[in-house]
Amino acid sequence: MEGSGEQPGPQPPQPGDHRIGDGDFVVLKREDVFKAVQVQRRKKVTFEKQWFYLDNVIGHSYGTTFEVTSGGSLQPTKKKEEPTPETKEAGTDNRNIVDDGKSQKLTQDDIKALKDKGIKGEEIVQQLIENSTTFRDKTEFAQDKYIKKKKKKYEAIVTVVKPTTRILSIMYYAREPGKINHMRYDTLAQMLTLGNIRAGNKMIVMETCAGLVLGAMMERMGGFGSIIQLYPGGGPVRAATTCFGFPKSFLSGLYEFPLNKVDSLLKGTFSAEMLSSELKDSASVEESNGTLEEKQTPEQENEDSMAEAPESTHPKEQETMESVSQDPEYKDPKERGSKKDYIQEKQRRQEEQRRRQLEAAALLSERNADGLIVASRFHPTPLLLSLLDFVAPSRPFVVYCQYKEPLLECYTKLRERGGVINLRLSETWLRNYQVLPDRSHPKLLMSGGGGYLLSGFTVTMDNLKADPGLKSNSSTLELRKTEEPAAKKRKCPESDS
């Protein structure tokens, strides 16, 4: 092996390797700001008022820090050695420093000229320090704070990290908390712990948190076991689940079932025709919207494997074909063929969805789930009372709600219903701390609330009311219990002394 002073270039990603590959989902990090994106070549990404391309991150390890250079390209940065405290010149206090705006000799025009010359942000920060008349009079802590502030403003540094439950939950809670029902990341961790989420489980989840709870469960189960997701409306929302970038093997144990069919499944009136009728109705609507004149033939079923393009490509193809044909009544055979392929692909997906929903119905009918997680914007009481019938005895369940009052009502209903023990309504309290040498203290700003959790365990229901024999035996036991204290109340006759 020949020695050279140059740094080795990025290695091609291998299966199972912790390197970034084309098409992977990553999270961009800068200070405390995160953004989830998919790595694609020649795709412009905007992050923190800067745009760049992610071509150069392919082949590098997760956690690598890049600097945005001219032209929007990313270059990996080298580790810098921080100066020792002995080399720093610092003042004793800041009492004589006046913020009059005249301490900096460089003007905004000078800084803009430096940027136009292509000078890096590190050199700009160094020149700002050298041209500041009050920098050396500041204390060591104030100098560090000044440097950190200027680096954040002028240095274009981006770190590419691997998406995890903690990172994505922090990102959603900071950027779009309404999409996850204001669920804080520590509350999500409590849900996973109280729900006993582990590999090999058979879990039921009902959530409207953009798929964040579902993705957290899938990450903890590691592709082993099965998850049945109940969804309202036309289909499940899994925007956050996609950001995890799970392999296809993880999706084999993921099932989905419509929430409006749960009652029929509990009553025993559910049938496959109920799903097929809905799929046929949706297919007929799409067929009428697509103005398809010819019916699908059985010979065209072999073309299903070839139509794997995303749905968004169909309108683009239709627009280009319509622009070529000048006669509005004329239809090119290729155009009709593309519409046929599109309808066939939709029908194939609907048939696959129907098959997976039937498998989910069979799993739910066994009524032996290992746990239940509910985190939705709907009222939790009717959801929990109906879904608990699918959970096996001695299994945990966790319900999340942004507010306390719905969970109090749910708590009361569960106590009246029975079949549950160890009911607990809790709220986690979180406060961040700054941990630095000689200045560790709680941060001034903290979260006001991260939601409430209702947890417990299922047990076998009491069947004394249903069995008259057991009822008679229980009545005799109660009579004996009532008669027993009466003998203890007898007073002993006083003896004459």
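The figures that follow rest on heavy atoms only: side chains count, while hydrogens, waters and symmetry mates do not.
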Do Leu363 and Glu359 have side chains that get closer than 4.5 Å, going by heavy atoms?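 They are not in side-chain contact.
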With the side chain counted from C-beta on, respond yes when Ile373 and Ile197 share a heavy-atom pair under 4.5 Å apart, and no when they do not.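 Side chain of Ile373 against side chain of Ile197, heavy atoms only: contact under 4.5 Å found.
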Take Phe257 and Phe390 through the ring pair (Phe, Tyr, Trp, His ring centres under 6.0 Å) test and state the conclusion after the steps. CA-CA 13 Å; Phe257 192 77; Phe390 297 114; 8.2 Å; no
Check [X] against [Y] and note the closest heavy-atom contact, atom names and distance.
| X | Y | result |
| --- | --- | --- |
| Gly195 | Val398 | N-CG2, 3.6 Å |
| Cys401 | Leu407 | CB-CG, 3.7 Å |
| Ile228 | Ala360 | CG2-CB, 4.2 Å |
| Pro382 | His379 | CD-O, 3.5 Å |
| Asp389 | Leu385 | OD2-O, 4.1 Å |
| Phe250 | Gly223 | CE2-N, 3.6 Å |

Can you tell me if [atom1] on [X] sees more than 12 non-hydrogen neighbours from other groups inside 6.0 Å?
| X | atom1 | result |
| --- | --- | --- |
| Arg355 | CZ | yes |
| Arg415 | CZ | no |
| Lys150 | NZ | yes |
| Tyr403 | OH | no |

Just checking, any donor-acceptor pair under 3.5 angstrom between side chains of [X] and [Y]?
| X | Y | value |
| --- | --- | --- |
| Tyr173 | Ser447 | yes |
| Gln229 | Arg238 | yes |
| Gln190 | Thr428 | no |
| Gln50 | Glu48 | no |

Any donor-acceptor pair under 3.5 Å linking the side chain of [X] with the backbone of [Y]?
| X | Y | value |
| --- | --- | --- |
| Thr187 | Gly450 | yes |
| Arg356 | Arg354 | no |
| Thr77 | Glu67 | no |
| Asn56 | Leu74 | yes |
| Asn181 | Gln402 | no |
| Ser169 | Thr165 | yes |
| Lys35 | Thr46 | yes |
| Thr269 | Leu265 | no |
| Asp370 | Lys202 | yes |
| Glu31 | Val33 | no |

Tell me if the aromatic rings of Phe34 and Tyr172 count as close, with their centers under 6.0 Å from one another. no
Is the ring centre of His60 less than 6.0 Å from the ring centre of Phe66? yes
Give a yes/no verdict on a cation-pi contact between Lys162 and Tyr62, requiring under 6.0 Å between NZ or CZ and the six-membered ring centre and an angle within 45° of the axis. yes
Face-on cation placement of Arg42 at Tyr53 ring, 6.0 Å and 45° thresholds: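 Arg42 over Tyr53 ring: yes.
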What verdict does the side-chain contact (heavy atoms from CB on, under 4.5 Å) test give for Met217 and Met203, after you've listed the backbone C-alpha separation in whole Å, the side-chain angles of each residue and the deciding distance to 0.1 Å? CA-CA 9 Å; Met217 296 173 62; Met203 301 299 300; 3.6 Å; yes
Just verifying a value: how many Å separate Leu384 CG and Arg417 CZ, rounded to the nearest 0.5 Å?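 The distance works out to 7.5 Å.
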Let me confirm one number: the CZ-CG distance from Arg424 to Leu454, rounded to the nearest 0.5 Å. 11.0 Å
If you apply the rule side-chain contact (heavy atoms from CB on, under 4.5 Å), what do you find for Leu453 with Leu425, and how did you get there? CA-CA 6 Å; Leu453 294 178; Leu425 180 59; over 6 Å; no
